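See structure below.
Note that the structure is a prediction, hence the values are computed from the model and not measured. In listed order, ligands and their atoms are each counted from 1.
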Amino acid sequence: MKTPSPGTPPAANDLTGLRGVGPALAERLARLNIERPTDLLFLLPLRYEDRTRLTPLGAALPGMRTVVEGDIALAEVAFRRRRMLLVRITDGSGQLTLRFFHFSRAQQAGLKPGERVRCYGEVRKAPGGIEMIHPEYRILGPAGEHGLEDRLTPIYPTTEGLQQARLRNLAGQAIDRCLPLVTDWIPAQIAAAKGLPDLDTAIRTVHRPPPDIDLNQLAAGTHPGQRRLALEEMLAHHLSLRRIREQSRSQPAIPLRGAHALRDRFLASLPFQLTGDQRTALDDIEADLAGAHPMMRLVQGDVGCGKTVVAAAAALAAVAEGHQVAVMAPTELLGEQHRDSFAAWLAPLGITVAWLSGSLRKKARETVYAAIADGEAEVIIGTHALFQEAVEYHSLALVIVDEQHRFGVHQRLRLMEKGRLGKALPHQLVMTATPIPRTLAMTAYADLDTSVIREMPPGRQPVRTVALPEERRAEIVTRVRDACRAGQRAYWVCPLIEESDVIDSQAAESMHALLTDALPELSVGLIHGRMKPGDKERAMHAFAAGKTQVLVATTVIEVGVDVAEATLMIIENAERLGLSQLHQLRGRVGRGSDASHCVLLYRSPLSAMAKRRIGVLRETNDGFEVAERDLELRGPGEVLGTRQTGLMQLRVADLIRDADLAPTVQQIARTLLETSPDAATALIERWIGTSSRFGNV
Ligand code: ADP
Ligand code: MG
């Protein structure tokens with residue numbers, strides 16, 4: 001391994017050193033976080049197009065994206081509802097129409113009968129044949145002038161005013177000029193042991209894949225070239241988390257030691273006893289809080305295991321010594337629920353619980369700001385609003401973040417920074433209901449110590465899960481009617497909120513209408529992400545209070561919502577959702593002592609993978625088990641991963657798909673941190689950039 005040479009040549013540092021890049025283009029590139037030519041190397045294609053082969057027109061089928069070529073037989077401007085240019089091309093084997101709705105005079109003049117044209121686009125069915133709408137095309141000169149591409153064509157993520165062709169050209173320049181200057185920090189023998197190529201090969205492969213590459217692997221992101229980059233990206237994130245941890249842990253914090261009496265009074269006031277795991281987690285937390293450096297602890301526990309009460313008990317350690325606690329929830333809905341639980345638990349102990357959300361009116365908000373600033377508010381519950389500029393804490397000693405996979409690590413850091421008291425940094429407690437396997441946790445949460453609550457509160461009955469084809473929906477409606485008449489409540493979840501012919505999915509709105517019709521004796525509520533916060537709140541309250549007995553919802557209810565009377569969970573289009581999402585949704589029921597059921601409605605035929613997912617849910621209620629099985633089941637082609645859940649902002653890697661790389665990541669990280677901290681810095685810089693880039697994580 002080399003250390004970076006001090007003076008890198010200017011071409012490697014300045015975008016305008018690339019051909020065709022001036023200040024305006026540099027600015028557009030900056031929007032893609034491309035500030036230096038080397039950043040282009042790590043801008044990875046979203047997908048690829050195969051322009052290496054010509055498909056004879058007679059063999060072109062609807063749905064194919066391909067290159068075709070033919071002689072123009074006919075070109076005309078037609079009016080069929082709107083004006084369009086139609087160009088018929090033939091090649092002896094068949095014919096195809098090019099259809100343009102927008103075209104310039106020059107284009108029209110160029111596309112004239114007798115010319116030979118090559119096009120790339122999607123073949124579609126058209127009345128009486130096949131067509132391409134707005135294909136990319138070029139008029140061919142004398143035969144043989146233009147060869148086909150010899151590599152697959154990468155399609156990059158782009159931004160307005162920046163064309164693919166331009167981006168491709170720039171990436172090409174970066175590969176030719178800068179790639180030789182880029183240091184490969186991963187020892188060759190470690191990469192080779194995982195069957196992975198060196199960095200140079202990996203980058204060349206992903207930007208310019210040879211035509212004989214395994215397209216399925218490439219599409220699934222499992223090609224060794226992609227995995228090599230994923231390894232490096234995971235390593236960079238892991239290193240950055242370990243840095244964050246070191247830096248935070250090296251700062252002082254206020255030791256919180258004397259809360260035991262208050263905490264015991266609180267626990268005695270509860271109608272239940274903590275489970276063993278809750279107790280252990282609380283012990284871990286209290287031990288950390290007593291330390292002179294900030295606690296950085298994650299409590300991992302399945303939905304319903306009772307993390308909130310542990311958080312409330314932990315908060316008392318700060319309150320008992322006159323300090324404040326901020327509790328941050330990812331959604332208003334969940335925030336309100338915490339506000340209600342904390343208020344019900346803590347107000348009787350004489351503790352002031354405040355609520356701060358973005359939707360408070362100005363006046364109310366200012367009153368809360370004042371209470372936070374003068375220390376009257378002791379426990380402050382809220383959403384992102386908690387770390388806005390205008391909020392000034394009197395004495396923040398503990399930050400609790402719920403469902404942290406919805407927050408970036410840098411949002412947490414900002415909240416901690418906000419609470420800085422002189423030199424002291426607040427303690428932080430993070431709670432997540434996304435159980436992830438241990439090796440992954442060590443990579444993804446490298447900045448945190450972990451406590452696990454695996455035990456469920458006693459008396460819970462496991463949720464029984466059944467899967468039914470949607471043709472049997474009527475039976476379920478009857479079932480819901482009977483259950484709700486007997487005092488129970490039901491969630492009916494639809495993945496989308498509007499009919500869409502692109503994704504054939506049930507919509508919450510039409511389901512709401514349907515159920516309102518079918519269940520005249522019941523009151524059916526509706527909640528979805530596009531409703532105003534106030535309306536969502538009302539819908540949720542009505543359901544919690546039993547004013548509505550059925551709640552039709554999109555996946556907005558996924559996070560943390562707690563209604564003990566809800567015993568039925570019906571999930572439409574269950575075949576479309578991933579295992580962990582289905583498990584999270586199922587966790588909304590089975591929270592009281594009544595037997596609960598989860599019905600997975602699906603559209604036949606089920607894919608083999610969907611069958612197995614549903615099978616797992618029927619077999620187990622244990623979130624950790626579900627997570628492990630999820631890992632096993634995710635094969636190539638499965639797109640849902642941690643990238644989507646936002647555990648980390650990753651470009652190439654998918655923590656679930658690439659989970660087998662986690663031990664290697666940890667192994668390399670140990671060596672690098674010991675032997676070459678500069679390499680660690682360089683890798684973080686390469687993949688994550690400098691902290692200035694974290695503006696809007
Ligand atoms: P989650 O871990 O999903 O956030 P909650 O904190 O919302 O779970 O707890 C779910 C429900 O279980 C709440 O109504 C809570 O009061 C209750 N609960 C928590 N701990 C216990 C316990 N030890 N015994 C009985 N009920 C409990
Ligand atoms: Mg919770």
Side-chain angles (χ1 to χ4, degrees), residues 263-264 266-285 297-316 327-348 379 381-383 400-407 429-436 450-463 489 491 540 543-545 556-567 569 580-581 583-594 596 598 621-624 626-627 645:
R263 175 250 284 148
D264 287 342
F266 168 60
L267 294 181
S269 75
L270 293 173
F272 51 75
Q273 296 217 312
L274 293 190
T275 62
D277 282 353
Q278 283 174 314
R279 189 74 238 186
T280 310
L282 185 56
D283 288 345
D284 291 345
I285 294 167
R297 183 164 292 276
L298 173 76
V299 174
Q300 244 194 314
D302 206 353
V303 283
C305 73
K307 294 180 292 292
T308 321
V309 72
V310 172
L316 298 176
V327 182
M328 182 159 73
T331 61
E332 295 254 323
L333 203 60
L334 196 58
E336 283 159 14
Q337 193 175 289
H338 283 333
R339 171 195 64 192
D340 297 344
S341 312
F342 274 75
W345 286 330
L346 304 186
V379 176
I381 321 263
T383 55
I400 300 175
V401 181
D402 195 14
E403 305 293 349
Q404 77 90 218
H405 63 287
R406 305 273 164 142
F407 292 107
L429 173 63
V430 175
M431 302 188 290
T432 178
T434 313
I436 58 173
T450 309
S451 303
V452 175
I453 302 182
R454 205 161 172 157
E455 201 178 345
M456 284 288 160
R460 295 276 167 86
Q461 301 194 31
V463 180
R489 265 163 251 169
Y491 289 106
M540 202 61 227
F543 184 65
V556 291
I557 56 145
E558 186 190 340
V559 182
V561 178
D562 190 21
V563 177
E565 293 82 0
T567 54
M569 166 62 68
S580 62
Q581 206 177 11
H583 177 72
Q584 290 270 328
L585 286 170
R586 176 173 65 175
R588 301 299 113 230
V589 296
R591 302 201 136 211
S593 47
D594 286 333
S596 291
C598 174
N621 272 287
D622 178 342
F624 286 89
V626 170
T645 66

Margin query: Does any N or O of ligand 1 fall below 3.5 Å from an N or O anywhere on Gly304, backbone included?
Written below: yes

Notebook entry, point to check: Can you check whether Gly306 has an N/O within less than 3.5 Å of an N/O in ligand 1?
Noted result: yes

Next item on the list: Indicate, as side chain, backbone, both or neither, the part of Ile453 found under 4.0 angstrom from ligand 1 when only non-hydrogen atoms are considered.
Entry: neither

Notebook entry, point to check: Can you find a non-hydrogen atom of Cys305 under 4.0 Å from ligand 1?
Noted result: yes

Item checked: N-O pairing of Asp622 and Arg454 below 4.0 Å -> yes

Next item on the list: Report yes if Lys307 has an N/O atom closer than 3.5 Å to an N/O atom of ligand 1; otherwise report no.
Entry: yes

Check: Cut-off 3.5 Å, side chains only: do Arg489 and Thr567 have a donor facing an acceptor?
Finding: no

Checklist line | Polar proximity ligand 1 side, Trp345 side, N/O cut 3.5 Å exclusive | finding: no

Next item on the list: For the pair Trp345 and Phe266, name the ring-plane relationship: parallel under 30°, tilted 30 to 60°, perpendicular over 60°.
Entry: perpendicular

Item checked: ligand 1-proximal atoms of Gln278, by part, heavy-atom distance under 4.0 Å -> side chain

Checklist line | Asp402 (side chain) donor-acceptor with Ala329 (main chain) under 3.5 angstrom | finding: no

Next item on the list: Please determine, by modelled atom types, if His583 and Asn621 share a side-chain donor-acceptor pair under 3.5 angstrom.
Entry: no

